[in-house]
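Report on the following structure.
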Amino acid sequence: MDEELVRFRITNLSARVPEGVRIVWQNRECESGPLTLELDDGVPESGNQGVLNYSRRWATAEFHVRLAFPDFASALKDLGVDTEFTEPVRAVLHSEGEILKDHSLVLSGRCALAPHSLLPSDETQAAVLPGQ
């Protein structure tokens, strides 16, 4: 049976997480405040793409993103912290999941963080949880 593959390019992504996350910084637990997530457009052409496999009803996608925490970054700037701690976090989301009958996707998967001064990759984990 031939597989029905549709390759696609991800061109727009903008999300806001109002509740944020907890961050441990200098042995103190802090709330990040709202998070914003956007596509990182400064990636190679091979980034921000995916494949829909309709014969298996399965999708895979790779998103290169920038995750910002504007409230927490502003508080750090007010404390005079070096700007390397307030820059957005760059990450690659490797996700996969089912293609539903209405053609929507239920994606989840691992997230690889780029080096960042505030969130060392050996101490920080991130993932895309399944949702609808």
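Just so you know, these numbers use all the heavy atoms, side chains as well, and skip hydrogens, waters and symmetry mates.
With hydrogens and angles left out, the side-chain atoms of E96 and T60 include no donor and acceptor closer than 3.5 Å. With hydrogens and angles left out, the side-chain atoms of S55 and N53 include a donor and acceptor closer than 3.5 Å.
Counting only distance, with no hydrogens or angles, the side chain of N48 and the backbone of H64 share a donor-acceptor pair below 3.5 Å. Judged purely by atom type and a 3.5 angstrom limit, R9 uses its side chain to pair as donor or acceptor with the backbone of G47. When atom types are taken as modelled, the side chain of S32 and the backbone of V21 share a donor-acceptor pair closer than 3.5 angstrom.
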| query | Can you check side-chain contact (heavy atoms from CB on, under 4.5 Å) on I99 and L105, steps first, answer last? | reply | CA-CA 5 Å; I99 302 172; L105 309 174; 3.8 Å; yes
| message | Is there a side-chain contact (heavy atoms from CB on, under 4.5 Å) between E62 and Q49? Walk through the geometry before answering. | response | CA-CA 6 Å; E62 179 181 285; Q49 294 189 42; 6.0 Å; no
| task | Dump the intermediate steps for side-chain contact (heavy atoms from CB on, under 4.5 Å) on F85 and K77, then the final yes or no. | result | CA-CA 9 Å; F85 290 94; K77 284 179 186 174; over 6 Å; no
| task | Carefully, step by step, assess L118 and F72 under the rule side-chain contact (heavy atoms from CB on, under 4.5 Å). | result | CA-CA 11 Å; L118 182 63; F72 191 60; 3.7 Å; yes
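R66 contributes atom CZ, which lies 5.5 Å from atom CD of E38 (distance to the nearest 0.5 angstrom). A distance of 11.5 Å separates CG of L76 from CD of E87, quoted to the nearest 0.5 Å. In this structure, L67 CG and C111 SG are separated by 8.5 Å, a value rounded to the nearest 0.5 Å. Residue F63 holds its CZ atom at 13.5 Å from CG of D40, rounded to the nearest 0.5 Å.
In this structure, T86 and A73 approach most closely via the heavy-atom pair CG2-O, 3.5 Å. Contact record, D71 with P34: OD2-CD, 3.1 Å, taken as the closest heavy-atom pair. The two residues P88 and H116 have their closest heavy-atom pair at O-CD2, 3.6 Å.
Salt bridge annotation for E98-R57: absent, with no cationic side-chain nitrogen under 4.0 angstrom from a carboxylate oxygen.
Only one option out of V92, L13, I10 pairs with V65 in a side chain to side chain contact (heavy atoms under 4.5 Å, CB included); it is L13.
Residues L107 and L39 share a hydrophobic cluster, clusters being chains of Ile/Leu/Val/Met/Phe/Trp/Tyr side chains in contact below 4.5 Å. Under the 4.5 Å side-chain heavy-atom criterion for ILVMFWY residues, a single connected hydrophobic cluster contains both L37 and V17. Cluster membership check: V89 does not share its hydrophobic cluster with V43, using side-chain heavy-atom separations under 4.5 Å among Ile, Leu, Val, Met, Phe, Trp and Tyr.
Summarising the local packing, CD of E19 is surrounded by more than 12 heavy atoms from other residues, nucleotides or ligands at distances under 6.0 Å. In R28, the CZ atom is not crowded: 12 or fewer heavy atoms of neighbouring residues, nucleotides or ligands sit closer than 6.0 Å. Around atom CG of N27, no more than 12 heavy atoms belonging to other residues, nucleotides or ligands sit under 6.0 Å away.
Counting heavy atoms from C-beta on, the side chains of F69 and T36 never come closer than 4.5 Å. Put simply, the side chain of Y54 reaches to within 4.5 Å of the side chain of H103, judged on heavy atoms.
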